[in-house]
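For the single chain, residues carry numbers from 1 onward in sequence order.
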Amino acid sequence: MEGYECRYYQRLENGVVACQLCPHHCHIASGKTGRCRSRRNHDGVLVSEVYARPCSLAIDPIEKKPLYHFHPGTTCLSIACTGCNFRCLNCQNHEISQVSPEQVDYYDLTPEQVVSLCLQHHCPGIAYTYTEPLTYIEYIIDTARLAHENGLWNILVTAGYVCQEPLADLLPYLDAANIDLKSYSDEIYQRVSGGRLQPVLDTILAMKKAGVWIELTNLVIPGTNDDMDMIRRMCRWLVANELDDAPLHFSRFFPRYKMQDIPPTPVQTLRTAKQIALEEGLKYVYLGNV
(Lines give C-alpha, C1' and ligand atoms only; values in the text may rest on other atoms or scores of the structure.)
Protein backbone atom coordinates (compact mmCIF):
# COMPACT_ATOMS: atom_id res chain seq x y z
CA MET A 1 0.00 0.00 0.00
CA GLU A 2 1.39 3.35 -1.07
CA GLY A 3 1.01 6.10 1.55
CA TYR A 4 0.54 6.63 5.28
CA GLU A 5 -2.70 5.51 6.93
CA CYS A 6 -4.80 8.49 7.96
CA ARG A 7 -6.11 8.86 11.50
CA TYR A 8 -9.47 10.45 10.81
CA TYR A 9 -11.82 8.24 8.82
CA GLN A 10 -14.47 5.56 9.08
CA ARG A 11 -14.94 2.41 7.02
CA LEU A 12 -18.34 2.09 5.35
CA GLU A 13 -19.95 -0.62 3.22
CA ASN A 14 -18.65 -1.74 -0.16
CA GLY A 15 -15.12 -0.58 0.53
CA VAL A 16 -16.11 3.10 0.82
CA VAL A 17 -14.49 5.24 3.52
CA ALA A 18 -15.77 8.44 5.10
CA CYS A 19 -13.05 10.99 5.74
CA GLN A 20 -13.59 12.82 9.03
CA LEU A 21 -10.84 15.40 8.74
CA CYS A 22 -12.78 18.37 7.39
CA PRO A 23 -16.40 19.50 7.06
CA HIS A 24 -16.66 18.16 3.51
CA HIS A 25 -16.89 14.64 5.04
CA CYS A 26 -15.93 13.08 1.72
CA HIS A 27 -17.23 9.57 1.03
CA ILE A 28 -14.44 8.03 -1.02
CA ALA A 29 -14.70 4.90 -3.15
CA SER A 30 -11.74 2.54 -3.48
CA GLY A 31 -9.03 4.02 -5.69
CA LYS A 32 -10.43 7.55 -5.43
CA THR A 33 -9.32 10.61 -3.48
CA GLY A 34 -11.21 13.12 -1.42
CA ARG A 35 -11.69 16.73 -2.36
CA CYS A 36 -8.15 17.57 -1.24
CA ARG A 37 -6.69 15.12 -3.81
CA SER A 38 -4.08 13.88 -1.32
CA ARG A 39 -6.09 11.42 0.82
CA ARG A 40 -6.88 8.25 -1.15
CA ASN A 41 -8.91 5.13 -0.45
CA HIS A 42 -6.64 2.13 -0.96
CA ASP A 43 -8.85 -0.95 -0.70
CA GLY A 44 -10.80 0.36 2.27
CA VAL A 45 -7.86 2.10 3.99
CA LEU A 46 -7.61 5.89 3.77
CA VAL A 47 -4.02 6.97 3.25
CA SER A 48 -2.21 10.27 2.92
CA GLU A 49 -0.17 10.25 -0.26
CA VAL A 50 1.87 13.28 0.85
CA TYR A 51 3.00 12.22 4.33
CA ALA A 52 6.75 13.01 4.54
CA ARG A 53 6.69 14.20 0.91
CA PRO A 54 6.80 18.01 0.95
CA CYS A 55 6.76 19.68 -2.45
CA SER A 56 8.12 23.03 -1.25
CA LEU A 57 10.80 24.11 1.22
CA ALA A 58 12.08 27.60 1.94
CA ILE A 59 13.45 29.80 4.68
CA ASP A 60 11.19 32.82 5.09
CA PRO A 61 11.02 35.87 7.33
CA ILE A 62 8.17 35.31 9.75
CA GLU A 63 6.54 38.52 8.53
CA LYS A 64 5.87 36.80 5.17
CA LYS A 65 3.31 34.42 6.73
CA PRO A 66 2.14 37.13 7.61
CA LEU A 67 2.84 37.21 11.35
CA TYR A 68 3.75 40.69 12.58
CA HIS A 69 3.40 40.24 16.34
CA PHE A 70 4.94 36.78 16.85
CA HIS A 71 8.73 37.02 17.26
CA PRO A 72 9.22 39.67 14.55
CA GLY A 73 12.59 39.73 12.85
CA THR A 74 13.02 35.94 13.00
CA THR A 75 12.92 33.31 10.27
CA CYS A 76 11.09 30.03 9.85
CA LEU A 77 11.50 26.91 7.77
CA SER A 78 8.47 26.90 5.47
CA ILE A 79 7.19 23.54 4.34
CA ALA A 80 4.25 22.49 2.14
CA CYS A 81 2.73 19.37 0.63
CA THR A 82 0.33 19.32 -2.31
CA GLY A 83 -3.39 19.59 -1.74
CA CYS A 84 -6.19 21.79 -0.48
CA ASN A 85 -9.78 21.17 0.61
CA PHE A 86 -10.91 24.47 -0.92
CA ARG A 87 -11.30 25.37 -4.60
CA CYS A 88 -10.65 29.10 -4.41
CA LEU A 89 -11.12 30.76 -7.78
CA ASN A 90 -8.34 33.21 -6.87
CA CYS A 91 -5.84 30.65 -5.55
CA GLN A 92 -2.34 32.15 -5.42
CA ASN A 93 -0.53 28.80 -5.18
CA HIS A 94 -2.73 26.73 -7.49
CA GLU A 95 0.31 25.09 -9.09
CA ILE A 96 0.80 23.05 -5.90
CA SER A 97 -2.52 23.33 -4.04
CA GLN A 98 -4.93 22.45 -6.85
CA VAL A 99 -3.06 19.43 -8.21
CA SER A 100 -2.59 15.77 -7.33
CA PRO A 101 0.62 14.65 -5.58
CA GLU A 102 1.90 12.77 -8.62
CA GLN A 103 1.85 15.98 -10.68
CA VAL A 104 4.49 17.71 -8.56
CA ASP A 105 8.07 16.83 -7.60
CA TYR A 106 8.64 16.27 -3.90
CA TYR A 107 11.31 15.68 -1.28
CA ASP A 108 11.43 12.61 0.98
CA LEU A 109 11.60 14.14 4.46
CA THR A 110 10.51 12.40 7.63
CA PRO A 111 9.41 14.51 10.60
CA GLU A 112 12.82 13.86 12.16
CA GLN A 113 14.56 15.15 9.03
CA VAL A 114 12.40 18.29 8.91
CA VAL A 115 13.30 19.14 12.50
CA SER A 116 16.96 18.41 11.82
CA LEU A 117 16.90 20.67 8.76
CA CYS A 118 15.32 23.46 10.78
CA LEU A 119 17.99 23.18 13.48
CA GLN A 120 20.75 22.94 10.89
CA HIS A 121 19.70 26.28 9.38
CA HIS A 122 19.22 27.93 12.80
CA CYS A 123 15.53 28.64 12.24
CA PRO A 124 13.62 28.97 15.50
CA GLY A 125 10.42 27.57 14.04
CA ILE A 126 8.64 25.63 11.31
CA ALA A 127 5.78 27.09 9.25
CA TYR A 128 3.30 24.75 7.59
CA THR A 129 2.13 26.94 4.74
CA TYR A 130 1.64 27.69 1.00
CA THR A 131 -1.08 25.05 0.39
CA GLU A 132 -3.59 23.85 3.02
CA PRO A 133 -1.53 22.19 5.73
CA LEU A 134 -4.54 20.75 7.53
CA THR A 135 -4.99 18.29 4.64
CA TYR A 136 -1.77 16.58 5.79
CA ILE A 137 -2.43 17.00 9.51
CA GLU A 138 -0.84 13.66 10.51
CA TYR A 139 2.51 14.80 9.09
CA ILE A 140 2.17 18.13 10.90
CA ILE A 141 1.30 16.58 14.26
CA ASP A 142 4.23 14.17 14.12
CA THR A 143 6.63 16.92 13.02
CA ALA A 144 5.27 19.52 15.44
CA ARG A 145 5.61 17.19 18.42
CA LEU A 146 9.29 16.64 17.62
CA ALA A 147 9.74 20.36 16.98
CA HIS A 148 8.51 21.19 20.50
CA GLU A 149 10.80 18.55 21.97
CA ASN A 150 13.67 20.41 20.29
CA GLY A 151 12.56 23.88 21.41
CA LEU A 152 11.17 24.98 18.03
CA TRP A 153 7.94 26.89 17.35
CA ASN A 154 5.17 25.57 15.12
CA ILE A 155 3.30 28.00 12.87
CA LEU A 156 0.21 27.19 10.81
CA VAL A 157 -0.88 29.24 7.79
CA THR A 158 -4.34 27.97 7.01
CA ALA A 159 -7.86 28.56 5.73
CA GLY A 160 -9.03 26.85 8.91
CA TYR A 161 -11.46 24.38 7.32
CA VAL A 162 -11.19 21.39 9.64
CA CYS A 163 -13.27 19.35 12.07
CA GLN A 164 -12.81 20.01 15.75
CA GLU A 165 -11.52 16.56 16.80
CA PRO A 166 -8.43 16.50 14.56
CA LEU A 167 -7.82 20.18 15.28
CA ALA A 168 -7.81 19.40 19.02
CA ASP A 169 -5.04 16.84 18.43
CA LEU A 170 -2.89 19.52 16.77
CA LEU A 171 -3.51 22.46 19.09
CA PRO A 172 -1.15 21.39 21.92
CA TYR A 173 1.78 21.66 19.50
CA LEU A 174 0.74 24.89 17.79
CA ASP A 175 2.28 28.22 18.81
CA ALA A 176 0.97 30.66 16.21
CA ALA A 177 -1.34 30.74 13.21
CA ASN A 178 -2.40 33.05 10.44
CA ILE A 179 -5.94 32.17 9.45
CA ASP A 180 -7.31 33.24 6.09
CA LEU A 181 -10.76 34.62 6.88
CA LYS A 182 -11.91 34.91 3.29
CA SER A 183 -15.12 36.83 3.97
CA TYR A 184 -17.94 37.14 6.49
CA SER A 185 -20.47 35.57 4.13
CA ASP A 186 -21.40 31.93 3.84
CA GLU A 187 -22.64 32.52 0.29
CA ILE A 188 -19.29 33.95 -0.79
CA TYR A 189 -17.44 31.07 0.85
CA GLN A 190 -19.54 28.58 -1.12
CA ARG A 191 -19.33 30.45 -4.42
CA VAL A 192 -15.64 31.39 -4.42
CA SER A 193 -13.99 28.70 -2.28
CA GLY A 194 -16.40 25.76 -2.16
CA GLY A 195 -16.72 25.76 1.63
CA ARG A 196 -18.66 27.26 4.52
CA LEU A 197 -17.96 30.13 6.89
CA GLN A 198 -18.95 28.68 10.27
CA PRO A 199 -16.25 25.96 10.49
CA VAL A 200 -13.61 28.64 9.93
CA LEU A 201 -15.04 30.76 12.75
CA ASP A 202 -15.06 27.64 14.95
CA THR A 203 -11.37 27.08 14.18
CA ILE A 204 -10.50 30.66 15.11
CA LEU A 205 -12.30 30.36 18.46
CA ALA A 206 -10.74 26.95 19.21
CA MET A 207 -7.26 28.33 18.57
CA LYS A 208 -7.94 31.34 20.76
CA LYS A 209 -9.19 29.12 23.59
CA ALA A 210 -6.06 26.96 23.29
CA GLY A 211 -3.79 29.99 23.65
CA VAL A 212 -2.44 29.94 20.08
CA TRP A 213 -1.24 33.34 18.88
CA ILE A 214 -3.65 34.34 16.10
CA GLU A 215 -3.33 36.75 13.20
CA LEU A 216 -5.93 36.99 10.44
CA THR A 217 -5.77 37.75 6.73
CA ASN A 218 -8.68 39.04 4.65
CA LEU A 219 -7.93 39.20 0.92
CA VAL A 220 -10.21 41.93 -0.43
CA ILE A 221 -11.42 41.07 -3.95
CA PRO A 222 -13.18 43.81 -5.95
CA GLY A 223 -16.85 43.05 -6.53
CA THR A 224 -16.66 39.88 -4.45
CA ASN A 225 -16.01 40.52 -0.76
CA ASP A 226 -15.34 44.27 -0.67
CA ASP A 227 -18.73 45.24 0.78
CA MET A 228 -17.87 47.54 3.66
CA ASP A 229 -20.98 46.67 5.66
CA MET A 230 -19.91 43.02 5.57
CA ILE A 231 -16.37 43.94 6.59
CA ARG A 232 -17.81 45.94 9.48
CA ARG A 233 -19.85 42.90 10.62
CA MET A 234 -16.72 40.75 10.43
CA CYS A 235 -14.80 43.19 12.59
CA ARG A 236 -17.64 43.35 15.10
CA TRP A 237 -17.61 39.56 15.37
CA LEU A 238 -13.88 39.61 16.08
CA VAL A 239 -14.25 42.24 18.79
CA ALA A 240 -17.28 40.50 20.32
CA ASN A 241 -15.18 37.33 20.61
CA GLU A 242 -12.29 39.14 22.32
CA LEU A 243 -10.07 39.07 19.25
CA ASP A 244 -9.57 42.83 19.20
CA ASP A 245 -5.82 42.39 19.79
CA ALA A 246 -5.42 39.83 16.99
CA PRO A 247 -3.66 41.60 14.10
CA LEU A 248 -5.84 41.79 10.99
CA HIS A 249 -4.17 41.99 7.58
CA PHE A 250 -6.27 43.38 4.72
CA SER A 251 -4.49 42.08 1.63
CA ARG A 252 -4.63 43.44 -1.90
CA PHE A 253 -5.95 41.11 -4.61
CA PHE A 254 -4.20 40.69 -7.95
CA PRO A 255 -5.60 38.69 -10.90
CA ARG A 256 -4.83 34.99 -10.40
CA TYR A 257 -5.95 31.55 -11.48
CA LYS A 258 -9.66 31.69 -12.45
CA MET A 259 -10.10 35.35 -11.56
CA GLN A 260 -7.92 36.83 -14.29
CA ASP A 261 -10.63 39.27 -15.38
CA ILE A 262 -10.90 41.07 -12.05
CA PRO A 263 -8.66 44.14 -11.55
CA PRO A 264 -6.36 44.61 -8.57
CA THR A 265 -7.93 45.97 -5.41
CA PRO A 266 -7.77 49.78 -5.24
CA VAL A 267 -5.52 50.75 -2.34
CA GLN A 268 -8.22 53.17 -1.16
CA THR A 269 -10.55 50.20 -0.65
CA LEU A 270 -8.05 48.68 1.75
CA ARG A 271 -7.63 52.01 3.54
CA THR A 272 -11.40 52.25 4.00
CA ALA A 273 -11.51 48.70 5.35
CA LYS A 274 -8.71 49.53 7.78
CA GLN A 275 -10.54 52.61 9.01
CA ILE A 276 -13.68 50.55 9.63
CA ALA A 277 -11.69 47.92 11.55
CA LEU A 278 -10.15 50.60 13.76
CA GLU A 279 -13.56 52.21 14.32
CA GLU A 280 -14.95 48.87 15.47
CA GLY A 281 -12.18 48.41 18.03
CA LEU A 282 -9.49 46.29 16.40
CA LYS A 283 -6.11 47.43 17.70
CA TYR A 284 -3.71 46.25 15.01
CA VAL A 285 -4.67 46.53 11.34
CA TYR A 286 -2.24 46.22 8.43
CA LEU A 287 -2.40 46.46 4.64
CA GLY A 288 -0.71 43.76 2.59
CA ASN A 289 0.44 43.49 -1.05
CA VAL A 290 0.50 47.28 -1.42
Side-chain angles (χ1 to χ4, degrees), residues 36-38 48-86 88 90-148 150-160 170 173-180 212-217 219 247 249 251-252 254 256-257 286 288-290:
C36 63
R37 298 186 177 93
S38 64
S48 169
E49 295 188 322
V50 297
Y51 185 98
R53 293 178 172 180
C55 64
S56 183
L57 290 168
I59 295 175
D60 290 325
I62 203 163
E63 289 83 0
K64 187 180 176 182
K65 297 302 100 187
L67 289 171
Y68 283 10
H69 289 222
F70 183 80
H71 300 287
T74 60
T75 60
C76 52
L77 176 67
S78 292
I79 184 170
C81 300
T82 59
C84 183
N85 52 1
F86 274 172
C88 296
N90 60 295
C91 183
Q92 296 183 24
N93 290 317
H94 60 91
E95 297 91 348
I96 55 176
S97 69
Q98 302 297 316
V99 296
S100 301
E102 64 270 15
Q103 295 177 272
V104 178
D105 292 336
Y106 60 84
Y107 306 89
D108 287 303
L109 281 178
T110 65
E112 291 81 2
Q113 290 171 319
V114 174
V115 170
S116 176
L117 195 61
C118 191
L119 293 169
Q120 177 185 335
H121 288 278
H122 307 289
C123 294
I126 303 170
Y128 312 92
T129 181
Y130 300 147
T131 58
E132 178 44 70
L134 291 171
T135 60
Y136 52 92
I137 193 170
E138 294 89 356
Y139 186 35
I140 295 179
I141 290 173
D142 292 348
T143 305
R145 184 187 296 114
L146 286 173
H148 267 195
N150 285 271
L152 300 172
W153 310 317
N154 291 299
I155 299 160
L156 193 71
V157 182
T158 178
L170 174 61
Y173 309 107
L174 203 57
D175 299 290
N178 186 291
I179 305 162
D180 191 4
V212 177
W213 177 254
I214 295 171
E215 302 197 20
L216 300 156
T217 295
L219 179 72
H249 305 258
S251 190
R252 191 181 188 202
F254 287 94
R256 292 287 288 170
Y257 196 34
Y286 301 100
N289 290 343
V290 295

Practice task
Spell out, as yes or no, whether a donor-acceptor pair under 3.5 Å connects the side chain of S100 to the backbone of Q103.
Solution key: no

Problem - Heavy-atom side-chain contact between Q113 and L117 under 4.5 Å - result: no

Exercise for the section: Identify the heavy atoms of P133 and I140 that sit nearest to each other, and give their distance. Expected result: O-CD1, 3.1 Å

Exercise for the section: Could you grab the distance from atom CD of Q92 to atom CG of D180, nearest 0.5 Å is fine? Expected result: 8.5 Å

Exercise for the section: Determine whether C81 and R53 make a side-chain contact, defined as any pair of heavy atoms from C-beta on separated by less than 4.5 Å. Expected result: no

Problem - Spatial distance of atom OH (Y51) from atom CD (E138) [nearest 0.5 Å] - result: 8.5 Å

Fill in the blank from the handout: Rounded to the nearest 0.5 angstrom, the SG-OH distance for C55 and Y107 is 9.0 Å

Handout entry: Check: N154 side chain, A144 main-chain N or O, donor-acceptor pair, under 3.5 Å
Key = yes

Handout entry: Worked check of side-chain contact (heavy atoms from CB on, under 4.5 Å) between E132 and S97
Key = CA-CA 7 Å; E132 178 44 70; S97 69; over 6 Å; no

Problem - Residues in salt bridge (charged side-chain N to carboxylate O under 4.0 Å, His left out) contact with D175, at least two apart in sequence or another chain - result: none

Practice task
To the nearest 0.5 Å, tell me how far N85 CG sits from T131 OG1.
Solution key: 10.0 Å

Fill in the blank from the handout: Taking every heavy atom of P247 against every heavy atom of I214, the minimum-distance pair comes out as CD-O, 3.7 Å

Exercise for the section: Apply side-chain contact (heavy atoms from CB on, under 4.5 Å) to the pair Y130 and V157, showing each step before the final yes or no. Expected result: CA-CA 7 Å; Y130 300 147; V157 182; over 6 Å; no

Problem - L170 side chain reached by L156 side chain, heavy atoms, under 4.5 Å - result: yes

Handout entry: Shortest non-hydrogen contact from P66 toward N178
Key = O-ND2, 2.7 Å

Practice task
Step by step, work out the side chain to side chain donor-acceptor pair (under 3.5 Å) result for T217 and K65.
Solution key: CA-CA 10 Å; T217 295; K65 297 302 100 187; over 6 Å; no

Practice task
Mind running side-chain contact (heavy atoms from CB on, under 4.5 Å) on Y136 and S38 for me, showing each step along the way?
Solution key: CA-CA 8 Å; Y136 52 92; S38 64; 5.7 Å; no

Exercise for the section: Might you point out which heavy atoms bring L109 and Y139 nearest each other, and give the distance in Å? Expected result: O-OH, 2.6 Å

Problem - L77 CG to L152 CG distance, which is reported to the nearest 0.5 Å - result: 9.5 Å

Fill in the blank from the handout: On a heavy-atom basis, the closest approach of H71 and I62 is O-CG2, 3.5 Å

Exercise for the section: Kindly indicate, with the supporting measurements, whether the criterion side-chain contact (heavy atoms from CB on, under 4.5 Å) is fulfilled by R37 and V99. Expected result: CA-CA 7 Å; R37 298 186 177 93; V99 296; 5.6 Å; no

Problem - Straight-line distance of L134 CG to T158 OG1, nearest 0.5 Å - result: 4.0 Å

Fill in the blank from the handout: Nearest heavy-atom contact between H69 and E215 is N-OE2, 2.7 Å

